[in-house]
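A quick write-up on the structure given underneath.
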Amino acid sequence: MPNPSALVDAIRAAVGDTAVAAVAIEHDLEPIDGPGSAVSPPTYPSNDVAEHPYSPEGTVPIPSDGGWLTKLATGEDGRPASAPLVILDDVQAQSARASQALWEHRVELGGLPGFVLRSDEDRLGNGTNSVEALLADLSLSSWTLSHRHADSWIQTAAANPDGQPVWKSNDDGLADVLTGINSTVDATSAFTYAPNSLLYGFWLSADTVRRHRQARAYRTRIIGYGARPVRSGATKVDLLPISKASQVDRAAFGYGPAKTKGSKAKAERTDRPSNLGFGPNPGSVGVHGYGCERIAARGAISLQLLRSLQFGGDRAKQSAAATALTVLGLAGDVLLRRRMFLRSGCDLFATASRYGLWRQGRAVPETLPVDVAADVSWWAQALESALEDCRSVGLEFAAPVRLYLSEPQRKLVREGAEALRSGAPVEDGSQ
């Protein structure tokens with residue numbers, strides 16, 4: 001088993017060597033149903049239909065030295081052969097999954113900083129179907145929210161129970177902290193309170209004088225190569241007969257009124273049985289999955305970007321922070337690969353994993369001493385070794401900052417829960 005300190009030494013040396021561009025990441029993946037089994041990609045709304053990120057033309061990477069996918073399949077003429085591909089998990093989703101994996105293992109890793117929004121520190125959620133239970137079960141953090149420390153749920157939370165949104169009140173100086181987190185002048189606050197924002201990117205774009213932003217240093221993408229559409233369908237059958245002529249009183253069944261659409265929308269008590277889940281639900285045959293010749297997660301942690309983080313001109317902080325963030329990024333990627341259930345119909349596992357260094361002038365990465373089978377304590381030792389260097393130059397992770405739901409947030413949640421219960425439209429990002 002490689003020694004955690006050996007990995008940190010290798011990363012520290014790579015950070016100090018500008019000929020090393022990035023940490024290379026590759027995983028050979030297979031569906032748990034077996035090679036070639038259909039896998040379901042994400043779907044996106046487009047012109048009132050659901051579309052998959054499928055491209056009829058692409059290239060297929062093949063192994064070279066050490067199994068690295070650094071060559072392309074070619075045709076008889078020596079040119080890259082064209083084959084369809086489908087994106088099974090894109091950069092944004094992979095970053096979110098890695099960030100969440102780190103947060104879920106924060107205790108074993110020795111603790112991570114962040115902004116934590118919880119209703120009750122000691123309460124364990126129970127999932128009771130009520131608005132008050134929904135509020136009480138709340139547990140969000142800058143590691144699990146989409147926009148990290150720049151997320152609206154963080155900006156508009158309260159620093160104290162029953163307090164005003166920090167963006168309005170600046171209680172405990174939190175608005176100053178959030179708006180001051182940057183990577184172009186002095187990233188000390190970012191490293192102290194939101195290191196994941198430096199790894200996975202952020203953009204503070206609203207109601208600020210300086211629009212601080214940071215591109216992702218960590219990025220991976222899961223692609224199915226040689227993807228062939230698989231047509232399938234399903235039908236829900238009801239074991240009891242339901243008349244098409246039947247009308248149901250929603251209130252009699254304990255449901256709220258249905259919301260009709262249009263300019264004269266109104267609440268209706270009378271409804272069709274199928275809208276309450278009664279009767280058969282015939283499905284149509286369509287493309288819901290793809291059989292792939294090869295599935296791989298490929299990406300990198302950009303050392304070029306991490307070296308560019310500014311710490312007020314302090315080069316020692318620059319080097320120590322880049323090393324610690326790289327270790328943190330590797331830990332997140334390893335932990336992410338241990339839970340590769342992406343969605344219904346897409347459950348994967350890694351058959352081989354490779355980590356290395358991309359060096360200028362080299363076509364194949366140099367292997368890094370990463371133990372992909374090691375438990376979380378191995379990564380805790382590696383991270384602690386890197387953080388020792390950080391502390392020696394005045395950088396340190398802060399304790400998590402506790403936040404509370406502000407009253408405007410509570411109002412939003414209550415209204416959203418009521419809309420969901422009644423069948424009224426809820427926000428889905430559409431215009």
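Sequential numbering from 1 along the given sequence is applied to the chain's residues.
No donor-acceptor pair closer than 3.5 Å links the side chain of Arg148 to the backbone N or O of Leu145. Between the side chain of Gln318 and the backbone N or O of Phe311, no donor-acceptor pair lies under 3.5 Å. Side-chain atoms of Asp33 do not come within 3.5 Å of backbone N or O of Pro31 as any donor-acceptor pair. The backbone N or O of Ala175 lies less than 3.5 Å from a partner atom in the side chain of Thr179, making a donor-acceptor pair. Although no hydrogens or angles enter the test, the distance criterion places a donor-acceptor pair under 3.5 Å between the side chain of Ser64 and the main chain of Trp68. Looking at Ser319, its side chain never comes within 3.5 Å of a backbone N or O of Ala316 through a donor-acceptor pair. Looking at Gln310, its side chain does come within 3.5 Å of a backbone N or O of Ser308 through a donor-acceptor pair. Counting only distance, with no hydrogens or angles, the side chain of Lys236 and the backbone of Gly277 share a donor-acceptor pair below 3.5 Å. Formation of a donor-acceptor pair under 3.5 Å by the Ser406 side chain with backbone atoms of Thr156 is found in this model.
Checked against side-chain hydrogen bond (donor to acceptor under 3.5 Å, both in side chains), His27 has the following partners two or more places apart in sequence or in another chain: Asp333, Arg337, Ser353, Tyr355. Under the rule for a salt bridge (charged side-chain N to carboxylate O under 4.0 Å, His left out), Asp151 has no partner lying at least two apart in sequence or in another chain. Under the salt bridge (charged side-chain N to carboxylate O under 4.0 Å, His left out) criterion, Glu366 pairs with Arg359, Arg362, sequence neighbours left out. The salt bridge (charged side-chain N to carboxylate O under 4.0 Å, His left out) test applied to Arg391 returns Glu384, not counting sequence neighbours. Every residue two or more places apart in sequence or in another chain that forms a side chain to side chain contact (heavy atoms under 4.5 Å, CB included) with Ala98 is listed here: Tyr200, Tyr218, Leu336. Legend: residues meeting salt bridge (charged side-chain N to carboxylate O under 4.0 Å, His left out) with Glu415, ordered by chain and number and at least two apart, are Lys411. Taking Leu135 as the reference, Val131, Glu132, Leu405, Arg410, Val413, Arg414 meet the side chain to side chain contact (heavy atoms under 4.5 Å, CB included) condition, with sequence neighbours excluded. Tyr54 pairs by the ring-ring contact (aromatic ring centres under 6.0 Å, His included) definition with Tyr290, not counting sequence neighbours. Under the side chain to side chain contact (heavy atoms under 4.5 Å, CB included) criterion, Asp77 pairs with Arg79, sequence neighbours left out.
Here CG of Asp28 is found 10.5 Å from CD1 of Ile295. Values are rounded to the nearest 0.5 Å. If you take CD1 on Ile25 and CH2 on Trp358, they are separated by 12.0 Å, rounding to the nearest 0.5 Å. Here the OG-CZ distance, from Ser302 to Arg216, works out to 13.5 Å after rounding to the nearest 0.5 Å. One finds the CG atom of Leu325 at 7.5 Å from the SG atom of Cys390 (value rounded to the nearest 0.5 Å). Remark: Ser152 OG to His147 NE2 distance equals 8.0 Å, nearest 0.5 Å. With rounding to the nearest 0.5 angstrom, the OG1 atom of Thr367 is 9.5 Å from the CZ atom of Arg354.
Applying the salt bridge (charged side-chain N to carboxylate O under 4.0 Å, His left out) definition to pairs two or more places apart or across chains, those involving residues 297-314 are Glu26-Arg298. Residue pairs meeting the salt bridge (charged side-chain N to carboxylate O under 4.0 Å, His left out) criterion with at least one member in residues 59-68, sequence neighbours excluded, do not occur.
At a threshold of 4.0 Å, the pair Glu30-Arg294 does not count as salt-bridged, since none of the basic side-chain nitrogens sits closer than that to a carboxylate oxygen.
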Donor-acceptor pairs under 3.5 angstrom involving side-chain atoms of residues 83-93: please list them, not counting sequence neighbours.
{"residue": "Asp89", "atom": "OD1", "partner": "Arg97", "partner atom": "NH2", "Å": "3.1"}
{"residue": "Asp89", "atom": "OD1", "partner": "Arg343", "partner atom": "NH2", "Å": "3.1"}
{"residue": "Asp89", "atom": "OD2", "partner": "Gln94", "partner atom": "NE2", "Å": "2.8"}
{"residue": "Asp89", "atom": "OD2", "partner": "Arg97", "partner atom": "NE", "Å": "2.7"}
{"residue": "Asp90", "atom": "OD1", "partner": "Arg221", "partner atom": "NE", "Å": "2.7"}
{"residue": "Asp90", "atom": "OD1", "partner": "Arg221", "partner atom": "NH2", "Å": "3.1"}

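Less than 6.0 angstrom separates the ring centroid of Phe397 from the ring centroid of Phe191.
The only member of Ser142, Ser141, Ser197 that meets side-chain hydrogen bond (donor to acceptor under 3.5 Å, both in side chains) when paired with His149 is Ser197.
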